[in-house]
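Structure record follows, encoded as structure tokens.
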Amino acid sequence: METKDILQNLVSGIAIGSTYGLIGLGVVFLWQSIERINFANISSAMLSAYLFYTFYSEIGMGFFISFVLSVGIVALYGLGLRYLIHEPITKRGGGRLEFVVATLMICVLWLNVIIVFYGGLPKPFPPVFGKATDFVRFAGVSLPVVYFYIFLVVAILMAFLHFLLRKTLVGKSLRATAQNKEVAQLMGVNVNLTTSLAFMLSTTVVGIAGILLAPIYFVSLELGGGSIGIKGFSAAVMAGLIDPYGAVVGGILLGIIENFSTLFISSTYRDVISFLILVAVLIFKPKGIFVWSLHRD
Amino acid sequence: MRVVNWKKILLIIALALVVVYPFLDKNDYRLYLANRALIHSILASGLVFLTGFAGQISLGQAGFYAIGAYTSAYITTRLGMPIILGIVCGILLSLGAGLILSIPSFKLKAFFLSLVTIAFGQIVYVLILNLQSITGGPYGFFGIPPMKVGQYYFDNKGYYYTFLIILVLVILIIYRIKNSYLGRSMFAINDDVIAAEVCGINSKQSKIFAFALSASLAGLAGSLYAHLAGFLSPEPFTFFESSNFVAMAVVGGLRNILGGTIGGVILTFLPEFLRFRGWENYYLIVTSLTVVLVVVFMPNGLGNIIFKLFRGKTHSHAIHKEITTLRKEKEGGTK
Amino acid sequence: KVALCAPFTGLGSILGDYIKKGAKLAVEEINSTGGVLGEQIELTVYDTAANPSTAMNVVRRALFSDKVVAVFGPNMSSAVLGVHQLAQQAKTPMLVGATSPSFRFTKVHNPFLFRLRADDDVKVSQLVKYAVDVLGIKKPGVIYGSTDYCLAALDVAKREFGARGIEIVDAEQIKEGEKDATGQLLKLKNAGFDGLIGLTHEPEAAVVVKQLRQLEIDVPIIGFSAWGVPAFTDLAGDAAIGVYSVQGFNPNDSELAVRSFVAHYKSKWGEEPSDPAQAYYDGIYLLAKAIEIANSTDGEKLAEVLSNQLEMYGVQGMLKCDEHHNFTSICYISQFDGESWTIIDKLH
Amino acid sequence: MILQAKNLTKVFGGVIANKEINLNVEEGTVTALIGPNGSGKTTFINQVSGVLKPTSGQILFKDKDITSLEAHDISRIGIARTFQKIRLFEKLTVIENVLVARRKFFKCGFLDIVFHTKRLKNEEKEQLDIALNLLQRLGLADEAWKMPGELPYGKRRALEIARALALEPKLLLLDEPAAGMTRNEFASIIDIIQKLKEQGITMLLVEHTMAFIRETSDKVYVLNFGEVIAEGTFEEMEHDPAVVAAYLGEESV
Amino acid sequence: MSLLKIRNLAVSYNGIPALKKVSFEINKGEVVSVLGPNGAGKTTLLRAISGLVKCEKESEILYKGKNIVGLQAYKIARMGIAHVPEGRQVFPDLSVQENLEVASVLTSLNRRSGKIQKVYELFQELNSRKNQPAGTLSGGEQQMLAIGRALVSDSELIMVDEPSMGLAPVIISRIFKTLRQIVQEQNLTLLLVEQNAKLSLPLSDRIYVLSQGRIVLSGTVDEVKDSDLIRQMYFARE
Ligand SMILES: Nc1ncnc2c1ncn2[C@@H]1O[C@H](COP(=O)(O)OP(=O)(O)OP(=O)(O)O)[C@@H](O)[C@H]1O
Ligand SMILES: Nc1ncnc2c1ncn2[C@@H]1O[C@H](COP(=O)(O)OP(=O)(O)OP(=O)(O)O)[C@@H](O)[C@H]1O
Ligand SMILES: [Mg+2]
Ligand SMILES: [Mg+2]
């Protein structure tokens with residue numbers, strides 16, 4: 001095998017892995033701010049992609065307006081999740097598991113709603129990030145243009161979320177709220193606001209991801225569940241749900257593992273291999289690969 | 001002397017209906033659904049035990065279900081062994097898988113664990129697809145023999161009673177475990193592992209036990225399904241099926257001994273009853289919406305509502321019947 | 001009263017829509033001209049969720065609860081294999097569009113089971129023939145999906161290449177939903193393939209051709225029926241130019257019957273039909289004709305008529321039940337030119 | 001000697017929480033462990049009870065090495081503890097909290113449970129009685145059927161002690177049993193401790209209330225920065241200049 | 001004028017009353033202690049003031065003349081009431097520094113770091129653990145952090161629930177000295193719930209004794225110091 005091919009495989013792995021990381025960012029962010037795993041969040045990617053498709057390709061609005069509109073609607077969707085799902089469940093004494101099940105079912109719900117309105121056929125995404133045959137070539141390696149947009153956005157979002165969570169008071173208040181809502185209030189944190197912010201920002205991040213991923217995943221049901229959801233989730237969990245950087249690195253690692261197990265072992269068993277590695281990582285580093293500090297009781 | 005207890009009468013009528021149902025309804029389709037509902041109930045009861053009582057999460061239950069199904073199918077069809085052996089092997093193999101899967105649970109907290117179980121489910125699914133010589137892969141596995149007693153090949157009626165008896169036994173056993181010191185230990189671990197350990201409870205053992213039991217029940221359900229359906233294909237063993245099982249447990253009520261049954265029955269029949277004319281796209285929307293609404297507005301499940309109707313109030317979970325009576329004695333004594 | 005069982009959710013939801021639209025068009029046409037034996041056809045649609053286990057539920061419902069005259073679908077071969085015995089048990093004809101050769105009459109002997117499309121044995125054989133004879137492929141590389149549909153095709157391809165003394169240099173799998181085929185394609189390249197045989201579903205087909213272009217691997221590409229549809233070319237865009245495919249139906253066929261069907265379909269649904277739409281459209285007409293000939297809706301009589309007497313001129317030309325219980329074996333070899341599929345050859 | 005710690009060391013990342021601690025507890029006595037905040041007292045108790053594994057060193061219980069045993073094994077051989085930050089089973093009733101700790105006294109097996117034998121029923125009844133008695137002794141009889149969340153702080157402490165006693169331990173480790181109590185409330189805890197001592201239960205306790213230590217302890221160990229800086233009777237310690245400087249402060253309480 | 005005035009404050013849990021029509025007031029600059037046996041309702045009182053539990057209808061809590069009953073907890077906190085809750089509730093996964101920063105939300109920007117620095121000076125134990133997750137601190141260290149959080153906020157009224165719990169004697173005397181000092185220096189008002197009467201009495205201006213949800217005794221320290229109730233409850237063995 002030529003080194004050029006191996007390099008190409010590596011680059012493709014990083015590229016596809018960064019799409020997992022992009023979804024993982026939303027997962028980490030929500031976990032850090034309300035300690036919940038929200039499967040309905042995955043739907044935001046699909047919703048924003050379909051919305052953008054409708055606004056841009058079907059109605060013919062401009063790129064910018066379509067983008068803002070679809071991401072804005074998805075942000076509101078986050079707010080809806082909070083008030084229609086999270087709050088009522090918490091109020092009636094439901095825990096995390098109930099939340100997981102409810103959001104999983106919302107995920108299924110959206111898939112079926114999309115089928116009713118758009119049918120099951122994947123739609124081609126308009127070539128706003130370059131055409132299907134536009135590639136950037138360098139050093140014998142090539143990559144579709146859209147990935148450069150993805151890298152850019154991943155870098156920006158990752159840095160932004162990290163900065164928000166770790167460096168700003170707002171972010172620290174978000175995390176404080178997740179850990180002890182009552183005491184956070186005693187500190188004067190507007191828990192109401194931070195919770196809404198947490199939901200809206202996490203759907204927004206995944207919503208932006210949806211539009212960027214659509215050229216690769218197509219405007220399709222796949223954006224709303226199934227493998228990308230599980231892989232985004234894995235990316236976040238590999239990093240211990242702690243840090244946005246971790247989510248991206250976790251995603252990229254997953255992408256590389258997948259591509260190399262295809263190349264060197266077997267394309268049929270690539271999922272088995274990457275999942276086994278994931279499980280092994282979790283067993284040997286139960287809090288994620290990037291977490292070293294020991295917590296006690 | 002006493003006023004007629006209409007609730008009790010209603011309960012008896014309901015039970016009687018369950019028992020004679022196959023003779024009342026001649027519709028083969030509904031009876032078949034009832035059988036699937038019973039299978040789902042067995043599996044979901046295991047999940048209620050695992051999640052509601054032992055506090056562990058599994059989003060990979062379809063994996064055990066598959067192991068049970070394919071094992072029994074293989075042993076009876078390819079090796080020509082008796083069905084009972086197939087079922088026992090199905091249970092044993094998924095029990096083994098459950099034991100292995102319980103290992104990560106020693107170290108991992110809830111959501112990390114749920115990912116491991118998802119991964120387990122996916123791995124099993126991929127293996128079914130690719131181990132074609134054993135599972136038939138995507139073509140499916142055909143010609144699985146139906147159950148029989150002597151010369152009587154089971155029809156849907158035969159299956160109904162077999163499954164019903166199994167389900168009742170399963171519930172009885174879970175009920176007894178729940179109300180024993182074992183159940184109490186599980187609730188304690190669920191609450192605070194370290195405190196429980198310090199009270200002399202081996203949390204690893206408990207987790208292994210919980211995983212093993214729920215995995216065996218899933219395996220049992222799977223092998224029953226294999227013989228009921230007569231053929232297998234990979235599609236019923238995906239992640240969405242696993243989450244559907246969890247939904248059954250939650251809709252029925254995670255802390256309710258009958259939660260699995262209630263959820264299993266409802267979520268088996270609901271989508272089928274919603275297949276009205278022209279609803280081929282909408283029925284799943286309605287089903288998932290129903291689950292969402294139930295979870296959001298009754299996070300304790302429908303089981304609790306039904307229990308409340310019959311009891312007037314729900315029992316705080318681990319309070320034993322004997323303890324309650326004893327308590328009454330004691331209170332009566334002091335007054 | 002007729003049942004249509006097709007996938008509207010899950011993996012196969014791509015097909016469900018076409019199937020429903022084709023069947024509905026036929027039902028409306030027949031009903032507007034007075035129905036069959038003076039009665040209107042009532043089409044009930046059921047979702048199989050592309051899951052044989054669900055298919056089992058709905059077929060049972062159609063047969064035993066709703067007591068339909070005939071069942072169309074399921075459209076998935078493994079589901080057909082799972083449920084066809086129910087049709088036999090209920091003595092009700094089952095007409096399916098699934099294409100796997102595994103349930104040919106010669107194999108399962110179910111007198112109530114009929115197929116509305118050319119089966120893959122025929123199509124893939126033609127594909128291989130074309131690949132070898134015309135395209136001159138000597139070292140074929142295969143990329144295939146993980147469903148029964150793809151695997152059955154893979155088996156036929158292996159057999160046919162083998163029969164021509166040609167060895168497949170490498171076969172790689174891309175699972176449904178995967179979006180990166182770099183590893184697979186590099187492996188094929190390293191195996192030195194000189195032509196790609198595509199046996200995957202539409203989205204993966206699009207991924208594969210895009211990445212072939214990206215990696216600048218220049219070999220002829222020929223895909224089986226899932227590659228010869230707009231769902232693939234829409235997604236792949238320019239990357240699909242030059243791809244060959246073997247199709248069961250091509251809306252560009254100049255036959256009068258095809259042109260009129262395409263026109264009707266377009267005016268009703270506002271889009272072009274694809275082969276499942278055509279297959280089930282013809283299927284409904286077949287059933288209607290059979291009922292008229294049998295002058296009854298009795299299942300056994302219908303099956304008898306369908307398998308022995310019926311001959312009908314449909315969109316696909318002459319439809320008649322052969323020894324495999326297939327009604328047609330017409331297929332096309334076509335090439336995509338960036339706009340539509342140009343027919344290179346029509347084979348019977 | 002019922003408990004011996006030999007060169008016990010525990011390191012967290014860069015923090016040395018326990019540094020070569022040598023500590024002995026005589027059977028039948030009450031030994032106190034005091035020291036400034038963060039000096040490693042809780043860490044010591046965590047290691048003895050098996051909640052934390054030592055970095056190095058040895059723990060002997062009745063001359064047997066228990067260093068590598070797990071928490072549940074340690075509790076079964078007769079070491080019970082309470083927590084500094086109260087940890088009750090919040091979803092179980094008060095009586096069930098105590099019953100959980102009676103687990104090791106059940107002799108019935110899995111089959112007894114499945115067949116719901118007479119033996120099991122009797123055992124459950126027996127254990128329930130014992131648990132109720134324990135609650136009575138700690139003044140919790142009226143609360144038996146409440147949830148722990150409904151109890152005020154003092155009673156939650158008492159419940160934790162009751163739960164530890166339910167294990168019928170030989171050695172009881174108490175981490176700040178009197179925190180948050182009024183004087184006459186902790187007088188009742190002192191009573192309990194004295195009664196337990198009479199029953200032959202050995203105790204190792206951590207407390208910051210000197211009056212409490214004075215009344216209860218036979219021997220005192222003083223920790224500072226993870227090291228034992230002094231040991232002796234309370235009176236000796238009270239006047240040890242090192243202890244006063246590190247822990248008691250000039251105007252000792 | 002009184003800073004905090006409470007009238008007919010009643011709270012019950014599941015229908016069981018925990019506070020029964022309690023009335024009292026605190027003037028600006030005062031230190032007031034609340035004493036009482038376990039379960040008397042002291043914690044409940046503080047929680048009611050800061051809006052963490054619902055009060056019955058007739059209750060009135062006037063802070064600077066404004067009724068704050070029914071306001072959300074964070075709004076009450078923003079009006080200048082700090083509450084150090086019982087049982088050292090730190091944010092376990094936030095570092096010590098971050099815990100203090102979150103608590104400084106209400107402090108004006110330019111004074112935040114100064115105030116945080118002050119806390120580190122007061123509790124040197126925390127200074128060396130700035131970046132340690134608060135959940136891994138020792139019990140006493142957590143308590144220091146909890147008190148420290150109240151000190152970094154710009155609140156006028158500070159309510160402390162059992163500050164001495166779990167602290168070493170040296171630290172306790174240090175804390176009480178500091179409290180006395182900052183009350184005087186910054187003209188703060190302090191509401192203290194403390195079991196250690198020996199410590200809290202010298203610091204306090206006035207005292208309320210709660211028992212079973214009612215105020216059973218109140219007055220200045222000198223007035224009540226020699227009462228039987230206080231002697232019996234707090235100095236029984238001395
Ligand atoms: N969440 C709750 N649910 C039910 N009852 C409660 C709850 N919290 C407190 N109580 C009850 O309210 C009463 C007052 O409790 P509170 O915690 O205010 O007492 P306290 O004076 O602070 O006692 P301590 O000195 O032990 O902290 C107690 O009888 C307690 O049982
Ligand atoms: N997991 C951990 N990671 C880092 N440091 C830790 C960890 N656990 C404890 N420590 C540190 O070890 C030291 C000893 O803690 P320990 O809880 O034993 O103190 P203690 O003597 O019980 O104090 P206190 O009287 O305040 O309860 C503390 O300084 C604490 O910060
Ligand atoms: Mg401590
Ligand atoms: Mg209190």
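Labels below follow one simple rule: chain letters A, B, ... track the order of the sequence lines, proteins then strands, and each chain is numbered from 1.
- Between chain B and the residues A:R92, A:E98, A:E87, the largest count of heavy-atom pairs under 4.5 Å involves A:R92.
- Interface remark: A:L109 contributes backbone and side-chain atoms alike to the contact with chain B (heavy atom separation under 4.5 Å).
- Looking only at heavy-atom pairs under 4.5 Å with chain B, the residue among A:D271, A:I89, A:I37, A:V113 that has the most is A:I89.
- The residue from A:Y217, A:F218, A:Y118 that alone fulfils the ring-ring contact (aromatic ring centres under 6.0 Å, His included) condition with A:Y50 is A:Y118.
- For B:T287, no part lies near chain A; criterion is any non-hydrogen pair under 4.5 Å.
- Most heavy-atom pairs under 4.5 Å with chain A: of the set B:V296, B:I123, B:I57, this distinction falls to B:V296.
- Listed options B:S288, B:A249, B:S114, B:A119 were ranked by heavy-atom pairs under 4.5 angstrom with chain A; first place goes to B:S288.
- Of the listed residues (A:V101, A:I85, A:T90), the one with the most heavy-atom contacts under 4.5 Å to chain B is A:V101.
- Neither the backbone nor the side chain of B:L129 comes within less than 4.5 Å of any heavy atom of chain A.
- At distances below 3.5 Å, not a single donor-acceptor pair connects side-chain atoms of B:S105 with backbone N or O atoms of B:L101.
- Looking at B:N300, only its side chain comes within 4.5 Å of chain A, counting heavy atoms on both sides.
- Between B:V292 and A:A102, the shortest heavy-atom contact is CG2-O, 3.7 Å.
- Annotation: maximal heavy-atom pairing with chain B below 4.5 Å, among A:L276, A:L278, A:L104, A:I273, occurs at A:L104.
- For B:L59, the part lying under 4.5 angstrom from a heavy atom of chain A is the side chain only.
- Between A:I73 and A:L47 there is no side-chain heavy-atom pair separated by less than 4.5 Å.
- Contact of A:L111 with chain B is made through the side chain alone, with heavy-atom distances under 4.5 Å.
- Of the residues B:F239, B:F237, B:Y65, the one that meets the ring-ring contact (aromatic ring centres under 6.0 Å, His included) test with B:F245 is B:Y65.
- Only the side chain of B:T51 comes within contact range of chain A, judged by heavy atoms closer than 4.5 Å.
- The greatest number of non-hydrogen atom pairs below 4.5 Å with chain B, out of A:L84, A:L97, A:V279, A:V108, is found for A:L97.
- Between B:F120 and B:F64, a ring centre-to-centre spacing shorter than 6.0 Å is recorded.
- Side-chain contact check for A:R82 and A:N192: at least one donor-acceptor pair (N or O, by modelled atom type) lies under 3.5 Å.
- Using a 30° and 60° split on the angle between ring planes, B:F53 and B:F49 fall in the perpendicular class, above 60°.
- Both the backbone and the side chain of B:L289 come within contact range of chain A, with heavy atoms under 4.5 Å apart.
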Give the C-alpha distance, both sets of side-chain angles, the deciding distance and a yes or no for side-chain hydrogen bond (donor to acceptor under 3.5 Å, both in side chains) between A:N41 and A:S44. CA-CA 5 Å; A:N41 202 357; A:S44 331; 3.1 Å; yes
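- Aromatic ring centres of A:F199 and A:Y83 lie farther apart than the 6.0 Å criterion allows.
- A donor-acceptor pair under 3.5 Å is formed between the side chain of B:N130 and the backbone N or O of B:V126.
- Looking at B:F240, only its side chain comes within 4.5 Å of chain A, counting heavy atoms on both sides.
- Heavy atoms of A:W110 lying under 4.5 Å from chain B are absent altogether.
- Across A:I106, A:V100, A:T103, A:I230, the residue that shares the most heavy-atom pairs under 4.5 angstrom with chain B is A:I230.
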